[in-house]
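Since the model is a prediction, treat every value here as computed from it, not as a measurement.
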Amino acid sequence: MEILNKLRNLDAYPKINEDFYSRTLSGGLITIVSSITILLLFISELRLYLYAATETKLTVDTARGETLRVNFDVTFPHLACSILSIDAMDISGEQHYDIRHDIMKRRLDHLGNVIESRSDGIGGPKIDRPLQRHGGRLDHNETYCGSCYGAEMSDDECCNSCEEVREAYRKKGWALTNPEMIDQCKREGFIEKVKEEAGEGCNMEGFLEVNKVAGSFHFAPAKSFYQSNIHLFDLMAFQTENSNISHRINKLSFGQKFPGVVNPLDGVEWTQQTSSGMYQYFIKVVPTIYKDIRGRKINSNQFSVTEHFRSADGFTQSLPGVFFFYDFSPIKVSFTEENVSLLHFMTNICAIVGGIFTVSGIIDAFIYHGQRAIKKKMEIGKFG
């Protein structure tokens, strides 16, 4: 019993008989306000506890020998799919012309509706006896070997399609300006296909795998080639002189998507008002790592961009097209999702409840004693 009495003496919360309680209107209002405040702050802390907070960290990017995926979805309302191509190159000297793999082209009418979707090529060849390299027509017992029209790299090289002839010309640094004279192009209906698509637009969607070094890629209404170390285009005879490179970038990203990423070029649209020229985007890519609460790591990139249009007027080397020049930041950004610990959550809840009850008690005591003092003075004045 003595031990129990000693424990009873340690009680920091002595109880008062309810007969001595004095309940007031101000105390009731303060209780309601403090209870609502506690509830709101509790919900706020609970949300912070349940949802992960993101910590940001900057480090030097030391990665080497990596590749980068460029995802794009670009619409050209005034360029036909037959003449639209995409090329990529970087400062290491790697060059890719008229890239076709992993790319989908969609023919669009003047209202932007899809006419046809295709992953490659102009169309199926017409049934005809092709012209052999030696000049005669293909017989049923012969193996086809088409002429490259002077662009052969070796005596036994064959060009069996219009595209192979154009590629052979590109390797020679020649421009194919007379496709109507090429048997393969006539047989495949290449020129008719281009004329048929006149006035149409084109949507190109897909991705590129490029080296993680500074470089560029561009969309152009022609086939690229190099001549005397100068970047030129195969501007074919059936093209109009001024190409309208108005475009809308539906999507452009570098790497995988991650929570909170903002790609500044998504939805950007540009309409050509003057003569043809080069529309240039200068992009600074920032390597980014996102690590979620489960420990899953996403290697991706963010980027910033500036734009510039260079008119062809007065510039003989200003070739029509939409160019994207990209470079990499030496700084890597790391985002890490972290949950608030349970101990931290409980500490905050106790601080909220205890703090509000203490402050409410002080306010209630101040109002109660103030009312009593005023009431007492009024009684003294009345009987005085």
Side-chain angles (χ1 to χ4, degrees), residues 70-88 96-128 160-167 176-177 179-180 182 184-208 217-224 233-253 263 265-273 276-279 281 319-324:
V70 182
N71 307 292
F72 62 86
D73 181 355
V74 186
T75 300
F76 296 86
H78 306 290
L79 291 179
C81 288
S82 298
I83 61 174
L84 189 61
S85 65
I86 179 171
D87 309 316
H96 301 278
Y97 298 114
D98 197 15
I99 301 169
R100 291 170 177 261
H101 54 83
D102 303 316
I103 293 175
M104 175 66 71
K105 284 186 177 182
R106 298 181 180 89
R107 292 171 57 193
L108 307 175
D109 62 18
H110 66 285
L111 297 176
N113 300 315
V114 178
I115 302 172
E116 177 193 7
S117 297
R118 62 171 181 259
S119 57
D120 191 16
I122 299 296
K126 294 182 178 179
I127 300 174
D128 195 3
N160 295 340
S161 67
C162 183
E163 185 59 34
E164 289 181 7
V165 175
R166 295 183 69 198
E167 182 66 18
L176 184 63
T177 57
E180 69 279 355
I182 305 299
Q184 291 89 327
C185 296
K186 290 192 295 183
R187 181 167 50 85
E188 295 175 10
F190 179 78
I191 302 168
E192 289 77 5
K193 192 69 175 178
V194 173
K195 290 179 179 178
E196 177 191 336
E197 295 184 9
E200 294 180 1
C202 186
N203 170 260
M204 290 186 71
E205 180 183 5
F207 65 88
L208 306 173
F217 62 94
H218 61 261
F219 301 87
K223 191 176 182 68
S224 300
F233 286 106
D234 172 9
L235 295 170
M236 292 175 290
F238 46 76
Q239 281 187 245
T240 56
E241 188 178 35
N242 289 325
S243 299
N244 189 333
I245 58 171
S246 299
H247 59 277
R248 173 182 173 83
I249 303 174
N250 305 305
K251 179 185 72 174
L252 182 71
S253 62
N263 297 316
L265 286 179
D266 287 3
V268 169
E269 189 169 357
W270 180 78
T271 303
Q272 181 174 311
Q273 304 290 348
S276 183
M278 300 170 62
Y279 201 84
Y281 294 95
L319 303 169
V322 179
F323 291 73
F324 297 84

Item checked: Full working for side-chain contact (heavy atoms from CB on, under 4.5 Å) between Val74 and Val322 -> CA-CA 10 Å; Val74 186; Val322 179; over 6 Å; no
Margin query: Going by side chain to side chain donor-acceptor pair (under 3.5 Å), name the residues that satisfy it together with Asp73, two or more places apart in sequence or in a different chain.
Written below: Asn203, Asn250
Margin query: Which heavy atom of Asn113 sits nearest to which heavy atom of Asp109, and what is that distance?
Written below: N-OD1, 2.8 Å
Checklist line | Straight-line distance of Phe324 CZ to Leu208 CG, nearest 0.5 Å | finding: 10.5 Å
Checklist line | Heavy-atom pair of closest approach, residues Thr75 and Pro77 | finding: O-CD, 3.7 Å
Margin query: Once salt bridge (charged side-chain N to carboxylate O under 4.0 Å, His left out) is applied, do any residues pair with Arg248, and if so which ones, sequence neighbours excluded?
Written below: Glu269
Note to self: Among residues at least two apart in sequence or on other chains, which ones pass side-chain contact (heavy atoms from CB on, under 4.5 Å) with Ser246?
What the structure shows: His78, Asn244, Thr271, Gln272
Notebook entry, point to check: About how many Å separate CD1 of Ile86 and CE of Met204, when rounded to the nearest 0.5 Å?
Noted result: 5.5 Å
Margin query: To check you understand the geometry: which heavy-atom pair defines the closest contact between Ala220 and Pro320, and what is its length?
Written below: CB-O, 3.8 Å
Checklist line | Minimum heavy-atom distance between Gly321 and Ile245, given as atom pair plus value | finding: O-CD1, 3.3 Å
Notebook entry, point to check: Between Asp266 and Leu252, is there a donor-acceptor pair closer than 3.5 Å when you use the side chain of the first and the backbone of the second?
Noted result: yes
Checklist line | Interatomic distance, Leu84 atom CG to Leu79 atom CG [nearest 0.5 angstrom] | finding: 5.5 Å
Check: Does Tyr279 have any ring pair (Phe, Tyr, Trp, His ring centres under 6.0 Å) partners at least two apart in sequence or in another chain, and if so, which?
Finding: His247, Trp270, Tyr281
Next item on the list: Please name all residues satisfying ring pair (Phe, Tyr, Trp, His ring centres under 6.0 Å) with Phe219, sequence neighbours left out, ordered by chain then number.
Entry: Phe72, Phe76
Margin query: So which atom in Ala80 and which in Cys202 form the shortest heavy-atom distance, rounded to 0.1 Å?
Written below: C-CB, 4.1 Å
